[in-house]
Engineer: 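Got a structure here, written out as structure tokens. Questions coming.
Please read these numbers as outputs of a predicted model, since none were measured by experiment. One-based numbering along the sequence shown.
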Amino acid sequence: MKKLLSLGLVTLCGITLAACSSGESEVKVSSNSSSTAVATSEPASSSTAEESAVGKRSNPVPLGSTATFDNTYYAEDGTEINSNISMTISNPLRGQEAYDFLLSENEYNEAAPEGKEWLVFDVKMKMNKGSQDEPYYAMPSFTPISSNGEEVAQDTYGTFSEGSEFGYKELYEGGELSGKVALLVPTGDDTLISFTDFNSKVFFSLK
């Protein structure tokens with residue numbers, strides 16, 4: 001009876017630890033100003049602690065600064081690969097200037113719908129840590145979040161000339177990638193850009 005009870009307690013502890021480890025999904029973010037923070041999926045203990053975490057919505061990575069954070073991706077056989085990524089967002093164009101640029105890239109790009117404007121920005125990514133054999137597939141996993149906290153619906157998508165768009169390429173450890181991203185955002189709104197990939201979520205400011 002004691003052996004069964006002990007076995008049950010060990011099993012329960014194992015389940016509890018597994019639940020805790022799967023829920024934290026730690027993300028480390030640093031900016032060029034050498035600010036460093038650690039954020040987890042657990043609720044912050046206070047609003048001050050939440051705001052101090054660089055890369056969260058309350059304290060996004062400043063425009064032109066480089067965010068460096070841990071991530072996880074998976075090989076074709078499902079093997080988990082721990083990685084570390086550096087990412088910089090820069091050179092935003094908005095409104096008519098952004099649309100004119102999109103037209104120079106592809107004359108069939110559509111004008112932004114009423115109440116929205118085009119946003120075009122540059123992205124640089126480096127795979128600081130990953131795998132020499134299993135590539136990370138970089139995607140333009142960017143979502144605009146309006147100042148009222150809502151995800152901005154994309155009524156249409158901007159397209160670029162060949163080689164200009166960010167993403168849709170494989171990166172091995174040490175590899176770098178750059179390109180442009182186009183998104184629709186509310187006209188004149190202080191919109192943030194969220195990069196979400198597996199267990200990472202980092203917010204970037206456009207100013």
Engineer: Show, in sequence, the C-alpha distance, side-chain angles and deciding distance for D155 and K116, and conclude whether the side chain to side chain contact (heavy atoms under 4.5 Å, CB included) test is met.
Structural biologist: CA-CA 10 Å; D155 307 272; K116 293 181 180 178; 2.7 Å; yes
Engineer: Using only heavy-atom distances, determine whether the side chains of T79 and E134 contain a donor-acceptor pair under 3.5 Å.
Structural biologist: no
Engineer: Could you tell me if the side chain of M87 sits less than 4.5 Å from the side chain of V123, heavy atoms only?
Structural biologist: yes
Engineer: When you measure from the side chain of E117 to the backbone of L184, do you find a donor-acceptor pair of N or O atoms at a distance under 3.5 Å?
Structural biologist: no
Engineer: Do E162 and F160 have side chains that approach each other closer than 4.5 Å (heavy atoms only, starting at C-beta)?
Structural biologist: no
Engineer: Tell me, yes or no, whether the heavy-atom count around Y157 atom OH, taken from other residues, nucleotides or ligands under 6.0 Å, exceeds 12.
Structural biologist: no
Engineer: Between the side chains of N84 and N71, does any donor sit under 3.5 Å from an acceptor?
Structural biologist: no
Engineer: Do I145 and V152 have side-chain heavy atoms sitting under 4.5 Å apart?
Structural biologist: no
Engineer: Taking the side chain as every heavy atom from C-beta outward, state whether V120 and Y99 have any atom pair closer than 4.5 Å.
Structural biologist: no
Engineer: Taking the side chain as every heavy atom from C-beta outward, state whether P140 and Y168 have any atom pair closer than 4.5 Å.
Structural biologist: yes
Engineer: Go through the steps for T196 and S141 under the test side chain to side chain donor-acceptor pair (under 3.5 Å), then give the verdict.
Structural biologist: CA-CA 6 Å; T196 305; S141 304; over 6 Å; no
Engineer: State, without any angle test, whether T191 and S146 hold a side-chain donor-acceptor pair at a distance under 3.5 Å.
Structural biologist: no
Engineer: Would you call P135 and M127 a side-chain contact if the rule is heavy atoms closer than 4.5 Å?
Structural biologist: no
Engineer: Scan for ring pair (Phe, Tyr, Trp, His ring centres under 6.0 Å) pairs involving residues 73-95, sequence neighbours excluded, and state none if there are none.
Structural biologist: Y73-Y136, Y74-F198
Engineer: List, one per line, each side-chain donor-acceptor pair under 3.5 Å for residues 170-183, sequence neighbours excluded.
Structural biologist:
residue : atom : partner : partner atom : Å
E173    : OE1  : G130    : N            : 3.0
E173    : OE2  : Q132    : NE2          : 3.3
K180    : NZ   : D122    : OD1          : 2.5

Engineer: So does K124 get a backbone contact from the side chain of T88, meaning a donor-acceptor N/O pair under 3.5 Å?
Structural biologist: no
Engineer: Can a donor-acceptor pair be found, under 3.5 Å and without considering hydrogens, that links the side chain of N106 to the backbone of L103?
Structural biologist: no
Engineer: Taking side chain to side chain contact (heavy atoms under 4.5 Å, CB included) as the definition, give me every residue that meets it alongside D133, ordered by chain and number, with sequence neighbours left out.
Structural biologist: S131
Engineer: Can you tell me if W118 uses its side chain to pair, donor with acceptor, with the backbone of G158 under 3.5 Å?
Structural biologist: no
Engineer: Classify the ring geometry between F142 and F195 as parallel (under 30°), tilted (30 to 60°) or perpendicular (over 60°).
Structural biologist: tilted
Engineer: I'd like to check K207 versus L63 (side-chain heavy atoms, cut-off strictly below 4.5 Å). Are they in contact?
Structural biologist: no
Engineer: For the residue pair S83 and D70, confirm or rule out a side-chain donor-acceptor distance under 3.5 Å.
Structural biologist: no
Engineer: Does any donor atom in the side chain of E105 or S161 lie under 3.5 Å from an acceptor atom in the other side chain?
Structural biologist: yes
Engineer: Are F203 and I193 connected into the same hydrophobic cluster when the rule is that any two of I, L, V, M, F, W, Y join if their side-chain heavy atoms are below 4.5 Å apart?
Structural biologist: no
Engineer: Hydrogens and angles aside, do D100 and Q96 bring a side-chain donor and acceptor to less than 3.5 Å of each other?
Structural biologist: yes
Engineer: Hey, quick one: are V202 and F121 part of the same hydrophobic cluster, counting side-chain heavy atoms closer than 4.5 Å, chains of contacts allowed?
Structural biologist: yes
Engineer: Contact between F69 and I85 at the side-chain level, heavy atoms closer than 4.5 Å - yes or no?
Structural biologist: yes
Engineer: Looking only at side-chain N and O atoms, does S147 offer a donor or acceptor that is under 3.5 Å from a partner on D190?
Structural biologist: no
Engineer: In the single-linkage hydrophobic clustering (I, L, V, M, F, W, Y; side-chain heavy atoms under 4.5 Å), do L93 and L119 co-cluster?
Structural biologist: no
